[in-house]
Amino acid sequence: MVDNVSAAGREQDEAAAPVEVASFTGTTLPSDDVCWEALCAHDARLDGLFFVAVKSTGIYCRATVCPARRPKRENCVFFKTAAEAEAAGFRPCLKCRPELAPGAPVAPDTENAVRCAAELIREGVGSARIAEVARELGLSERQLRRLFERAFGVTPATYRATCRLLLAKSLLTDTDLPVTRVAFACGFSSVRRFNDAFSQRYRMPPTHFRARAKEGAPRAAEGPIVLHVGYRPPYRFDILLDFLRKRAIEGVEAVEDGVYARVVRLDADGERPDAKPRIGWIQVVDEPARNRLALTVSPELFGDLPLVVARVRRLFDTDCVPAAVEAGLSDFYARVPASRHIPGVRLPCCFDSFEMAVRAILGQQITVKAAGTLAGRVARVFGTPAEVPNASLTTAFPPPEAFCTFDAAERLGELGVIGQRARAICALARGIVAGEIDLRPGADLGENARALAAIPGIGEWTVQYLLMRAYGYPDGFPSSDLGVREAFPNLNPRDIARLSEAWSPFRSYAVMSLWCAPHEEPPKKPATPRRKKKVAKEAEGSMRPTT
């Protein structure tokens, strides 16, 4: 962002009026004047929601966090996404590193096909062919291009190219992976194409970034690498980590000393039928001083880095805009005790949607610890042993195909799984394998919610829970949940659902606030025989927030 600045620009920024964050979360940017005010405010809450390009330098930056001097107003051009800035001929700043900026949530009015296409491209920048993405969504390439340009301002191919190059820039700067391996990990078919793309887009060879990498960067040719994923403050990593710790599957996930670790299994997915799954591991820690997570990835997963990074972003909800959530839940916070107000609360999606769905079904009406133990038992029997440096991690969770055998339900029963839940797991697995159920974010929510609800053993609570965590849906709301009902004891679930309409589209975050906030237990009534019978009956038909 370095530019010739006026004397006023060289001085410390004056106190600026708070910027309306909601104006940056729509499909289009606000006016240039509003963007300039936000740039001058240096508000980290807006990081990644827009970018500033400087015409005199040809560089674009993370507008609100770049440490470089403020440019002249007349030299600034503002863009909604990094892809738009690069398509206009600007190259990324080497100081603020746009590749580390948190992503921007897709605007609510964006068509579902575009959401799904963006997810597919981000997860598979190496292998995602635009024609295949369009065909999977039932669109022509021309239709997808038109919809994508309307939502993101660039074509799908340009968006994919930006994702590839920014990931490559991150790998070149933060790791010591060989340039050849970086090229193939980011989807380039040859080193020559990789060099050409860098030279054309950034006007410098990839080795330039390698030369600027810090001395002592971890050797990655043989061992794991460390990448970084940015987020917007405030960020309650401690609460999110505690939520994941309570729901961790034994042998598959572990949360120890502020570190989340798990075994990762990535199946062939369209490759040769005889191809073996890639099994590796990741771990995630918080770096609060720099508003980012440090993601360690084992060598077995280097060929799937775009997918791994995309899933970690979802799991830890790094694309959330906390200020928008706060504003959207103002009515909710006014109705609940102050202990339920958690600035920076996140909605943890999941790393493996099928794994999380199985864990949710197994956890119905049993304790959190018992569910984790039972899920670990299922993983050991149906999954694959994994060799991981962390002694707590021993198993890769099985894919849906493992539960499609004729005796799968019987084998689950032998492990202690109740018959209806065993059959529900098998039915879910068959639906996924047959393509009748799609648990990926971006998939059609209404269609998949109906398909899930049609499975015996999956009720409305579980459907809403899966919408929240499998699809990352910010507006899921299980109104019959015990924790929700305890927060509004004088209302029935229907009235609670009606009341919650004012909190849309952030009701999932309201639920997370209720589940995660410390609160005192309500005084217990005397345990009369009639009272015991009533409590037992309620427990049979409701779900506690322990799944």
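Below, each value reflects all heavy atoms present in this structure, side chains not excepted, and no hydrogens, waters or symmetry copies. This chain uses plain numbering: 1 for the first residue, then up along the sequence.
Between the side chain of R62 and the main chain of C96, a donor-acceptor pair closer than 3.5 Å is present. For S508 (side chain) and G476 (main-chain N/O), a donor-acceptor pair under 3.5 Å exists by modelled atom type. Without hydrogens or angle criteria, E86 side chain to A82 main chain gives no donor-acceptor distance under 3.5 Å. At distances below 3.5 Å, at least one donor-acceptor pair connects side-chain atoms of S23 with backbone N or O atoms of E20. Put simply, the side chain of S513 gets close to the backbone of Y509: a donor and an acceptor are under 3.5 Å apart. Checking side-chain atoms of R469 against main-chain N and O of C349 turns up a donor-acceptor pair under 3.5 Å. Side-chain N or O atoms of E84 include one that pairs as donor or acceptor with a backbone N or O of T81 at under 3.5 Å. Of the possible donor and acceptor atoms, none in the side chain of N291 sits under 3.5 Å from a partner among the backbone N and O of P233.
Between R314 and E123, at least one side-chain N (NZ, or NE/NH1/NH2) sits under 4.0 Å from a carboxylate O, which counts as a salt bridge. By the 4.0 Å N-to-carboxylate-O rule, E250 lies too far from K369 to be salt-bridged with it. R440 and E119 are not joined by a salt bridge, as no carboxylate oxygen comes within less than 4.0 angstrom of a charged side-chain nitrogen.
Counting all heavy atoms, side chain and backbone alike, R247 lies closest to V368 at N-CG1, 4.2 Å.
Take S353 and apply the side chain to side chain donor-acceptor pair (under 3.5 Å) test, not counting sequence neighbours, and it matches no residue. Residues satisfying the ring pair (Phe, Tyr, Trp, His ring centres under 6.0 Å) criterion with F24, sequence neighbours excluded, are F50. In terms of the ring pair (Phe, Tyr, Trp, His ring centres under 6.0 Å) criterion, F506 has no residue partners (sequence neighbours excluded). For F397, there are no ring pair (Phe, Tyr, Trp, His ring centres under 6.0 Å) partners two or more places apart in sequence or in a different chain. R335 is linked by a side chain to side chain donor-acceptor pair (under 3.5 Å) to D331, counting only residues two or more places apart in sequence or in another chain. When the side chain to side chain donor-acceptor pair (under 3.5 Å) test is applied to Y235, no partner is found at least two apart in sequence or on another chain. Applying the salt bridge (Lys or Arg N to Asp or Glu O under 4.0 Å) criterion to R313, with sequence neighbours excluded, gives D319. Applying the side chain to side chain donor-acceptor pair (under 3.5 Å) criterion to E387, with sequence neighbours excluded, gives no partner residue. The salt bridge (Lys or Arg N to Asp or Glu O under 4.0 Å) search around R232 returns none, not counting sequence neighbours. Every salt bridge (Lys or Arg N to Asp or Glu O under 4.0 Å) that R97 has, sequence neighbours left out, goes to E99, D174. With sequence neighbours excluded, the residues forming a ring pair (Phe, Tyr, Trp, His ring centres under 6.0 Å) with F332 are W503, listed by chain and number.
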(message) Run R292 and E287 through salt bridge (Lys or Arg N to Asp or Glu O under 4.0 Å) and show every step you take.
(response) CA-CA 5 Å; R292 69 186 191 185; E287 294 184 356; 2.7 Å; yes
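Judged by distance alone, the side chains of Q464 and Y473 never bring a donor and an acceptor atom under 3.5 Å apart. For the residue pair W461 / D481, a side-chain donor-acceptor distance below 3.5 Å is found, with atom types taken as modelled. Between the side chains of Q283 and Y260, no donor N or O sits under 3.5 Å from an acceptor N or O. Between the side chains of R45 and T64, no donor-acceptor pair is found at a separation under 3.5 Å.
Sequence neighbours left out, the pairs with a member in residues 502-518 that pass salt bridge (charged side-chain N to carboxylate O under 4.0 Å, His left out) are D475-R507.
A cation-pi arrangement is not found for R91 relative to Y202, the charged atom failing to lie both closer than 6.0 Å to the ring centre and inside a 45° cone about the ring normal.
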